[in-house]
Asks: 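Please read through the structure below; I'll follow up with questions.
In what follows, chains carry the letters A, B, and so on, assigned in the order in which the sequence lines appear, proteins first and then strands, with residues in each chain numbered from 1.
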Amino acid sequence: MLDPHLFRSDLDLVSKELARRHFAFDAVAYQALENKRKEIQVKTQQLQSERNSRSKTIGQAKAKGEDIQPLLAQIEDLGVQHKAAEGELADVLLEMSALMEGIPNILDISVPDGKSEEQNIEISRWGDVPNFTFTPKDHVDLGEKLGGMNFELGAKIASARFVVLTGKLARLQRAIIQLMLDTHTDEHDYSETYTPFLANAASLRGTGQLPKFEADLFKASEDPALYLIPTAEVPVTNIVRDVIIDAKELPLKYVCHSPCFRSEAGAYGRDVRGMIRQHQFEKVELVQIVSPETSMQAHEELTRHAEVILEKLNLPYRRMLLCAGDTGFSSAKTYDLEVWLPGQGKYREISSCSNFKDFQARRLQARWRNPESGKPELVHTLNGSGLAAGRTLIAVMENYQDEQGRIHIPQALQAYMGGMTVIE
RNA sequence: GGAGAGGUGGCUGAGCGGCCGAAAGCGGCGGUCUUGAAAACCGUUGAGGGGAAACCCUCCCAGGGUUCGAAUCCCUGCCUCUCCGCCA
C-alpha cells in the first residue's frame with residue numbers, strides 16, 4: 001500500500017507515477033472519495049468528543065449525588081446520531097482502503113519507461129552460450145530418454161502442469177537445492193528458515209497477493225481460509241508482520257526452500273511443454289528486511305547472491321532491469337535473471353529480485369525503531385529467487401547435455417550427488 | 001477430541017463500569033556521581049489517525065452486544081498455556 005499522506009500532499013505526482021505503470025488511476029474519483037472521508041470523519045469525531053465530555057459530566061454529577069436525569073435527557077439523540085455517523089465512516093473507510101489496496105507501488109526513478117518485457121533493459125551478461133556440434137534437445141526430450149521425468153504421471157496423480165521426478169533427476173533437483181541453501185547460509189549470511197506452506201489471508205494481504213490476485217492462488221481451506229503459498233516470500237516476509245524490530249537486528253536475511261503453488265490462471269497455452277510453468281515447483285527464496293536508506297544497496301547485493309548460484313553452476317545468464325510496465329504490482333524495482341536454455345535457444349527467467357521499499361511493510365505494519373528519531377518507522381522489504389530450483393534443473397540438463405543425451409553433472413553439484421559425474 | 005486457565009505498552013505484570021492510555025518492575029533515553037565503567041539515585045519514555053490550528057479521535061487479542069459511559073459486564077471467534085486422549 002502507498003502512503004495516504006502522499007495522495008493528500010501531491011496527488012499530481014501520484015497520478016504521474018501511476019501513469020508510468022499504465023495504471024488507470026482516476027484522480028477525480030479519488031479526490032471525491034477523500035473529501036467525503038474527511039467530512040464524515042470530522043463529523044464523527046466531533047460527535048464522539050461530544051459524547052465523551054457529556055458522559056464525563058454525568059459521571060461527575062453522579063459522584064456528587066446530583067440528579068442526572070436532565071443530563072440524560074439532553075443527550076437522548078446523540079447516541080443515534082453517533083451510531084449513524086460511525087456506520088457511514090466505516091463504509092467510506094472500507095471503500096477507501098479497497099481503493100488503496102488495489103493501487104500498485106510507485107516505481108524507483110531508475111526504472112525505465114516501457115509497456116512490456118520488450119522494453120526491459122539488459123544490464124549485464126555472464127558466461128558463454130554453449131556451442132553444440134549437434135542439435136541440443138530440450139529437457140522434455142532429455143528427460144524422456146533418461147527416464148525420471150514424467151508429465152503423464154503428474155497428470156494422472158493431479159492434473160496437467162504437474163510432474164513426477166524419480167531417481168537421479170529427483171536427486172539432481174535436491175542437489176541443486178542443497179547447493180543453494182549451503183551457499184546462501186555459509187557464504188551470504190542468510191538464516192535458514194522452515195515455514196508453513198499454507199498461509200492465511202492476512203499474510204497474503206501483507207505481501208500483496210490479496211485481495212487483487214486471489215485467482216492466482218490455490219485455496220486449500222475455506223474455514224479458516226488458507227492458501228497454498230505461491231512463494232516462500234509470503235510466510236517468510238510475514239515473520240515481521242506487526243513487529244517493531246530493534247535497529248541492532250537489521251538487516252534480517254532469511255533463506256527458505258519451499259514448494260510453490262500457482263494456479264497459473266490466465267497462462268493457458270503458455271509454456272505448456274515441460275517444466276517451465278508448473279502448478280507446483282521448488283524454489284529457494286531470499287528475503288531481506290532492511291532499514292530504508294540501505295535498501296537500494298541491499299537490492300544489488302541480493303541480486304548478486306542469486307547470480308553467484310548461476311556462476312557456480314557455470315550457467316550463462318543475463319541480468320535484466322524490468323521496465324515500468326513489466327514490474328510487478330508490489331515492487332518498486334525488479335531485476336530478472338534469465339538463464340540460457342539451449343532447448344529453446346532463449347534466455348528464460350530463473351530469478352526475480354525485487355525491492356518493495358515500504359510498500360509491503362505498510363501493509364504488514366513491519367517497523368523498526370529508528371535510533372535517530374526514536375520512533376517506529378516502516379522497514380524496507382526485498383526478496384528474490386535464489387533460484388527457482390525446477391528451472392535450474394532444466395537449465396543444468398539442457399546446458400550440460402551431450403550428443404548421446406547424457407547429462408554431465410556440474411562440478412559444484414557432484415559432491416551432493418555422491419560423486420556422480422554423469423547421468424545416463 | 002475432552003477438562004481447565006489465560007490474552008493489557010519494547011518485555012514482565014497490576015487494574016473498582018466514570019478519577020485509566022492504563023500502576024509497578026525491567027528495558028531504552030537523558031542526567032547526577034566516577035579518571036572511565038558498573039552500581040546507586042533523579043528525570044524521561046506506547047502506537048495510529050484527524051484537523052490550517054487550538055485541539056480532538058481511536059487503540060488493553062478480534063468482531064458483535066449491554067450502557068449516558070467499557071480494559072473492566074455479556075456473546076462469538078481466534079490464539080496461548082496446563083492436564084487427559086490420540087498421533088509422525
Asks: Indicate yes or no: does A:E264 engage A:R277 in a salt bridge with an N to O separation below 4.0 Å.
Replies: yes
Asks: To the nearest Å, give me how far apart CZ (A:R54) and C1' (B:C68) are.
Replies: 11 Å
Asks: Taking atom CD1 of A:I121 and atom CG of A:L322, what is their separation to the nearest 0.5 Å?
Replies: 10.5 Å
Asks: Roughly how many Å is it from NZ in A:K375 to P in B:G46, rounded to a whole number?
Replies: 7 Å
Asks: Can you identify which nucleotide, out of B:G18, B:G49, B:G51, has its nearest atom closest to the A:I58 side chain?
Replies: B:G18
Asks: Parallel, tilted or perpendicular: which fits the ring planes of A:F25 and A:Y30, with parallel below 30° and perpendicular above 60°?
Replies: tilted
Asks: Using the closest heavy atom to pick a nucleotide of RNA chain B for each, name whichever of A:S53 or A:V42 lands nearer the 5' end.
Replies: A:V42
Asks: Is the shortest side-chain N/O distance from A:K56 to OP1 or OP2 of B:G69 below 4.0 Å?
Replies: no
Asks: Measuring only the P atom in each nucleotide, how far is B:U72 from B:G63? A whole number of Å is fine.
Replies: 13 Å
Asks: So A:H82, base contact, sugar-phosphate only, or nothing? Heavy-atom distance under 4.0 Å.
Replies: nothing
Asks: Less than 4.0 angstrom between a side-chain N/O of A:N52 and OP1 or OP2 of B:C56, yes or no?
Replies: no
Asks: Given the P atoms of B:A5 and B:U76, what is the spacing between them in whole Å?
Replies: 15 Å
Asks: With both distances kept under 3.5 Å, what pairs with B:A3, Watson-Crick or G-U wobble?
Replies: B:U82
Asks: Nearest to the A:K83 side chain among B:U66, B:G51, B:G49, which nucleotide is it?
Replies: B:U66
Asks: Identify which nucleotide among B:C56, B:G49, B:G51 has an atom closest to any side-chain atom of A:S49, counting heavy atoms from C-beta outward.
Replies: B:C56
Asks: Quote, to the nearest angstrom, the P distance that separates B:U66 from B:C78.
Replies: 23 Å
Asks: Partner lookup for B:C59, please. Criteria are Watson-Crick or G-U wobble with both distances under 3.5 angstrom; report none if nothing qualifies.
Replies: B:G46
Asks: Taking atom C1' in both B:A3 and B:A39, what distance in whole Å separates the two?
Replies: 49 Å
Asks: Check the distance between B:G49's P and A:R37's CZ and give it to me in whole angstrom.
Replies: 11 Å
Asks: For nucleotides B:A70 and B:G64, find the distance between their P atoms and express it as a whole number of Å.
Replies: 14 Å
Asks: My understanding is that a pair needs two contacts under 3.5 Å, Watson-Crick or G-U wobble. By that rule, which nucleotide pairs with B:A88?
Replies: none
Asks: Rounded to the nearest angstrom, tell me the gap between atom CG in A:L47 and atom P in B:U58.
Replies: 11 Å
Asks: In the strands shown, is B:A52 matched to any nucleotide by a Watson-Crick or G-U wobble pair with both distances under 3.5 Å, and which?
Replies: none
Asks: Can you check whether A:R51 has a side-chain N or O nearer than 4.0 Å to OP1 or OP2 of B:A70?
Replies: no
Asks: Could you give the distance separating B:G15 and B:C73 at their C1' atoms, to the nearest angstrom?
Replies: 15 Å
Asks: With both distances under 3.5 Å as the test, what is the Watson-Crick or G-U wobble partner of B:C41?
Replies: B:G31
Asks: Rounded off to whole Å, could you give me the CZ-to-P distance for the A:R369 and B:G48 pair?
Replies: 9 Å
Asks: Considering every strand shown, what is the Watson-Crick or G-U wobble mate of B:U12 when both distances are under 3.5 Å?
Replies: B:A24
Asks: Under 4.0 Å: is that the gap between some side-chain N or O of A:K62 and OP1 or OP2 of B:G18?
Replies: no
Asks: Atom CG in A:L302, atom OG in A:S385: separation rounded to 0.5 Å?
Replies: 9.0 Å
Asks: When the distance from CG of A:D246 to C1' of B:G9 is rounded to whole Å, what number comes out?
Replies: 16 Å
Asks: Which value, in whole Å, describes the distance between the P atoms of nucleotides B:C41 and B:G25?
Replies: 11 Å
Asks: Give a yes/no answer on whether the side chain of A:S55 brings an N or O atom under 4.0 Å of OP1 or OP2 in B:G18.
Replies: no
Asks: Parallel, tilted or perpendicular, judged at 30° and 60°: which one describes the rings of A:H188 and A:H184?
Replies: tilted
Asks: With a 3.5 angstrom cut-off on both distances, give the Watson-Crick or G-U wobble partner of B:U67, or none if there isn't one.
Replies: none
Asks: Between P on B:G69 and CD on A:E86, what's the gap in Å once rounded to a whole number?
Replies: 11 Å
Asks: Quick check for you: to the nearest 0.5 Å, what is the distance between A:N383 atom CG and A:T334 atom OG1?
Replies: 9.0 Å
Asks: Distance check needed: B:G28 P versus A:I244 CD1, whole Å only.
Replies: 17 Å
Asks: Which label fits A:F162 and A:H279: parallel for a plane angle under 30°, tilted from 30 to 60°, or perpendicular past 60°?
Replies: tilted
Asks: Need to verify one output field. Residue with the more 5' nearest nucleotide on RNA chain B, A:K38 or A:Q46?
Replies: A:K38
Asks: Apply side-chain hydrogen bond (donor to acceptor under 3.5 Å, both in side chains) to residues A:N370 and A:E377 and explain how you reach the verdict.
Replies: CA-CA 6 Å; A:N370 184 345; A:E377 295 172 13; 3.0 Å; yes
Asks: Measuring only the C1' atom in each nucleotide, how far is B:A22 from B:A71? A whole number of Å is fine.
Replies: 8 Å
